[in-house]
Amino acid sequence: REDVEVEEQRRRPQALIDQYGADTARLFIMFASPPDQSLEWSDAGVEGAFRFLRRLWKTTYDHVQAGLVAACTGNDGLSAAQADLRRKLHQTLGKVADDYGRRKQFNTAIAAVMELLNAYGKISDTSPAALAVKQETLEAVILLLNPIVPHLCEALYAALKPGQHAYAQRFPSVDASALVQEEIELV
């Protein structure tokens with residue numbers, strides 16, 4: 001009986017890889033639980049990881065179809081919504097760097113990237129400044145996820161920056177000027 005259960009546990013990841021790909025398997029495993037806890041298997045969780053990666057692919061594809069631009073490098077000339085996205089990006093960079101480096105909590109890093117991609121989706125502006133912030137955001141999202149889903153990230157980075165490779169890039173750093181807020185709301 002134990003041998004059958006062990007064999008079933010070994011086959012499950014391979015079946016997942018065969019159906020969804022290795023990147024989906026890695027994302028699900030890293031997102032489902034912290035590394036120091038046991039993984040609770042969930043077919044719905046696997047499908048959710050796959051949907052997220054498909055959404056990232058489509059978001060990047062749509063951005064590339066709109067035309068590639070240089071990534072934003074500062075807050076000058078940005079609207080409030082664009083500056084908010086850029087602030088969210090750089091807050092996420094700091095959080096993910098801490099999650100990967102000090103805390104070793106990959107699931108919370110992935111969740112932060114998912115939140116960032118949700119914020120990206122709320123910007124419908126197609127001005128040059130908005131496209132530059134979107135370019136910066138997508139480049140960072142791909143580099144943040146690269147340690148977990150390297151195959152997908154390599155393809156997406158090559159689409160965003162033709163001739164360059166995600167694996168050859170440095171981990172993105174926080175721009176402190178992007179974190180500055182002119183106004184805050186106190187309740």
* Asked: Between the main-chain N or O of Ala70 and the side-chain N or O of Gln135, is there a donor-acceptor pair closer than 3.5 Å?
  -> no

* Asked: Do Phe106 and Phe31 have ring centres separated by under 6.0 Å?
  -> no

* Under a 4.5 Å cut-off applied to non-hydrogen side-chain atoms, are Gln169 and Tyr157 in contact? -> yes

* Pairs satisfying salt bridge (Lys or Arg N to Asp or Glu O under 4.0 Å), at least one member in residues 46-57, at least two apart -> none

* To do: Spell out, yes or no, whether Val64 and Val69 are grouped together once hydrophobic residues are joined by side-chain heavy atoms under 4.5 Å, including indirect joins.
  => no

* To do: Sequence neighbours left out, what pairs pass salt bridge (Lys or Arg N to Asp or Glu O under 4.0 Å) with at least one residue falling in residues 115-134?
  => Lys88-Glu115

* Asked: If Ile, Leu, Val, Met, Phe, Trp and Tyr residues are connected whenever their side-chain heavy atoms lie under 4.5 Å apart, and connections chain through other members, are Val141 and Leu85 in the same group?
  -> yes

* Between Leu56 and Leu152, what is the shortest heavy-atom contact and its length? -> CD2-CD2, 4.2 Å

* Shortest non-hydrogen separation from Thr60 to Leu160 and the atoms involved -> CG2-CG, 3.9 Å

* **Met114 with Trp57, same ILVMFWY side-chain cluster at under 4.5 Å** => yes

* Evaluate the side-chain proximity of Tyr100 to Pro147: yes if any heavy-atom separation is below 4.5 Å, no if none is. => yes

* To do: To the nearest 0.5 angstrom, please state how far the CD1 atom of Ile110 sits from the CZ atom of Phe52.
  => 8.5 Å

* What pairs of residues pass the salt bridge (Lys or Arg N to Asp or Glu O under 4.0 Å) test when at least one of them lies in residues 71-87, not counting sequence neighbours? -> Asp84-Arg87, Arg86-Glu136, Arg86-Asp175

* **Closest non-hydrogen atom pair between Ala112 and Val96, with its separation** => CB-CG2, 4.2 Å

* Asked: Any salt bridge between Asp98 and Lys95, counting N to O under 4.0 Å?
  -> no

* To do: Return the minimal non-hydrogen interatomic distance between Ala166 and Cys153, and the atom names on each side.
  => CB-O, 4.0 Å

* Closest approach of Ser33 to Ser38 (non-hydrogen atoms, all atoms of both residues) -> OG-O, 3.6 Å

* Taking C-beta and beyond as the side chain, do Thr59 and Asp62 meet within less than 4.5 Å on heavy atoms? -> no

* To do: Would you check, one step at a time, whether the test side-chain contact (heavy atoms from CB on, under 4.5 Å) holds for Cys72 with Leu78?
  => CA-CA 10 Å; Cys72 186; Leu78 298 182; 4.2 Å; yes

* **Contact check, side chains of Pro162 and Leu68, non-hydrogen atoms, under 4.5 Å** => yes

* For Ser177 and Asn75, which heavy atoms make the closest approach, and how far apart are they? -> O-ND2, 3.3 Å

* Within a radius of less than 6.0 Å around CZ of Phe171, do more than 12 heavy atoms belonging to other residues, nucleotides or ligands occur? -> yes

* Structure fact -> Distance col, row His165:NE2 vs Asn146:CG, nearest 0.5 angstrom, shows 12.0 Å

* Asked: Can you find a heavy atom in the side chain of Ser127 that is under 4.5 Å from one in the side chain of Gln82?
  -> yes

* Could you check if a side-chain atom of Asp23 sits within less than 4.5 angstrom of a side-chain atom of Ile148, using non-hydrogen atoms only? => no

* To do: May I have all residue pairs that pass salt bridge (Lys or Arg N to Asp or Glu O under 4.0 Å) and include part of residues 157-169, sequence neighbours excluded?
  => Glu139-Lys161

* To do: Starting at NE2 of His63, measure out to NZ of Lys58 and round the result to the nearest 0.5 Å.
  => 14.0 Å

* Among Leu144, Leu143, Leu116, the one residue meeting side chain to side chain contact (heavy atoms under 4.5 Å, CB included) with Leu93 -> Leu144

* For the hydrophobic clusters of this structure (ILVMFWY residues joined by side-chain heavy atoms under 4.5 Å, transitively), does one cluster hold both Val46 and Phe50? -> yes

* Atom OH in Tyr20, atom CZ in Phe28: separation rounded to 0.5 Å? -> 10.5 Å

* **Distance, nearest 0.5 Å, that separates CE of Met30 from OG1 of Thr108** => 10.5 Å

* Structure fact -> Taken in chain and number order and not counting sequence neighbours, the residues that satisfy side-chain contact (heavy atoms from CB on, under 4.5 Å) with Val180 are Glu182

* Asked: What residues, two or more places apart in sequence or in another chain, satisfy ring pair (Phe, Tyr, Trp, His ring centres under 6.0 Å) together with Tyr120?
  -> none

